[in-house]
Amino acid sequence: MPGEFEPHEKCWMLWPERPDNWRLNAVPAQNVFSLVAQAISRFEPVAMGVSKHQIETAQNSLPSEIEIVHIESDDSWMRDTGPTFVKNDSNEVRGVDWDFNAWGGLNGGIYFPWDKDICVAKEVLKHGKIDRYKACIILEGGAIHTDGEGTLITTEECLLNPNRNPDLSKTQIENHLKEYLNVEKIIWLGKGVFMDETDGHVDNLCCFTRPGEVLLHWTDDKTDPQYEISCDAFDRLSGSVDAKGRKIKIHKIHQPGPLYMTEAESLGIEKKPNVAPRNDGNRLAASYVNFYIANNGIVMPLFDDPHDKAAMEKIKSLFPERIVVGIYAREILLGGGNIHCITQQQPGV
């Protein structure tokens, strides 16, 4: 699995529509998804998976350079339901199709059913005429990051959660990751961002900026539950070496907020059974780490927060060769994730 900072053929996304997750019939979210797609398309092609009855809406909302592909889905988290792309030494790209159970199935999952989501990866690969490996474990793309040189980071909170693969040991899960992604070293962090409903996806907490270097979600507030989580991650990373034997260089980026869902935002979301509630006062798992690395660019979330400016300057300093574009992304956050969660890179050849 290449690092996200390596060249891309294109970026894949899914169009939001479900009114029990996105407020006001998903119209505000659609506007922001369109902005994200347009920002990424400055650097690489973008393909947007859209359900049949949303095709006309998407065509009216997206510029012509965004490719619209008919893909049915239960929600719009392409990072987690789409394929994880891998590439061999002959520059052949293939896709890993993981099992999916909506972040926990009937034991803490976010919605039921998820039968359309299960087919998203297959449809993406079918459209691209790309060979597919059907994996035999439940895993979401946001649960893993690689450096492209044999090292993977993940969290125990997610991959060892009994609502994912209860019959597999830690060693067995590691073996599956090594087999499908050809990684040699797995660095296990503890928990993810506080109150992250994905059970602690690593892509909200920590990412590789280049081989041997990571960016870590941080807070200086010792009274915040996030402080202990981030300190633990820092200690684990500090005590680790990657697959090449390098000590990990850690950059910290201070979290926004904390941010909370407002009453008005909550009232705009339809309440339905079998769907995780979006309630007034819920803490939102906001993170600047949840950005997308495009060809020659970075598209990162902003929150109209006092930490926005420093966060953007930090990202610019870590990626001096790329153009950094900030998108006000609270609408994506309200749905449970952010820019990295709604995107999936297809490696270039």
> More than 12 foreign heavy atoms under 6.0 Å from CD of Glu313: is that the case here?
yes
> Under 3.5 Å, which donor-acceptor pairs do the side chains of residues 190-200 form with other protein atoms, sequence neighbours left out?
from   : atom 1 : to     : atom 2 : distance (Å)
Asp196 : OD1    : Thr198 : N      : 3.0
Asp196 : OD1    : Thr198 : OG1    : 2.8
Asp196 : OD2    : Thr198 : OG1    : 3.3
Asp196 : OD2    : Asn204 : ND2    : 3.4
Glu197 : OE1    : Arg278 : NH1    : 2.6
Glu197 : OE2    : Arg278 : NH1    : 3.2
Glu197 : OE2    : Arg278 : NH2    : 2.9
Thr198 : OG1    : His201 : N      : 3.1
Asp199 : OD2    : Asn163 : ND2    : 3.3
Asp199 : OD2    : Arg164 : NH1    : 2.6

> Between Arg23 and Glu270, is the closest basic N to carboxylate O distance under 4.0 Å?
no
> Does Lys126, at its NZ atom, have more than 12 non-hydrogen atoms belonging to other residues, nucleotides or ligands within less than 6.0 Å?
no
> In the hydrophobic clustering (ILVMFWY, side-chain contacts below 4.5 Å, transitive), which residues join Leu160, or is it alone?
Met1, Val86, Val96, Trp98, Tyr133, Ile137, Leu139, Ile144, Leu152, Leu159, Leu168, Ile173, Leu177, Tyr180, Leu181, Val183, Ile186, Trp188
> So, Tyr288 versus Trp218, ring centres under 6.0 angstrom or not?
no
> In the hydrophobic clustering that connects Ile, Leu, Val, Met, Phe, Trp and Tyr at side-chain heavy-atom distances below 4.5 Å, which members other than Leu14 occupy its cluster, ordered by chain and number?
Trp12, Val69, Ile71, Met78, Phe85, Val93, Val120, Val124, Leu125, Ile130, Val349
> Mind checking whether Trp15 and Trp77 have ring centres under 6.0 Å apart?
no
> Using a side-chain heavy atom cutoff under 4.5 Å and only I, L, V, M, F, W and Y, what cluster partners does Leu267 have?
none
> Should side-chain heavy atoms under 4.5 Å link Ile, Leu, Val, Met, Phe, Trp and Tyr, which residues sit in the same cluster as Tyr328?
none
> Are more than 12 heavy atoms, taken from residues, nucleotides or ligands other than Lys309, located less than 6.0 Å from that residue's NZ atom?
no
> Keeping to residues at least two apart or across chains, list the salt bridge (Lys or Arg N to Asp or Glu O under 4.0 Å) pairs with something in residues 97-106.
Asp97-Arg132, Asp99-Lys134
> Is atom NZ of Lys122 surrounded by more than 12 heavy atoms (other residues, nucleotides or ligands) closer than 6.0 Å?
no
> Counting only N and O atoms by type, is there a donor-acceptor contact under 3.5 Å from the side chain of Ser34 to the main-chain atoms of Gln30?
no
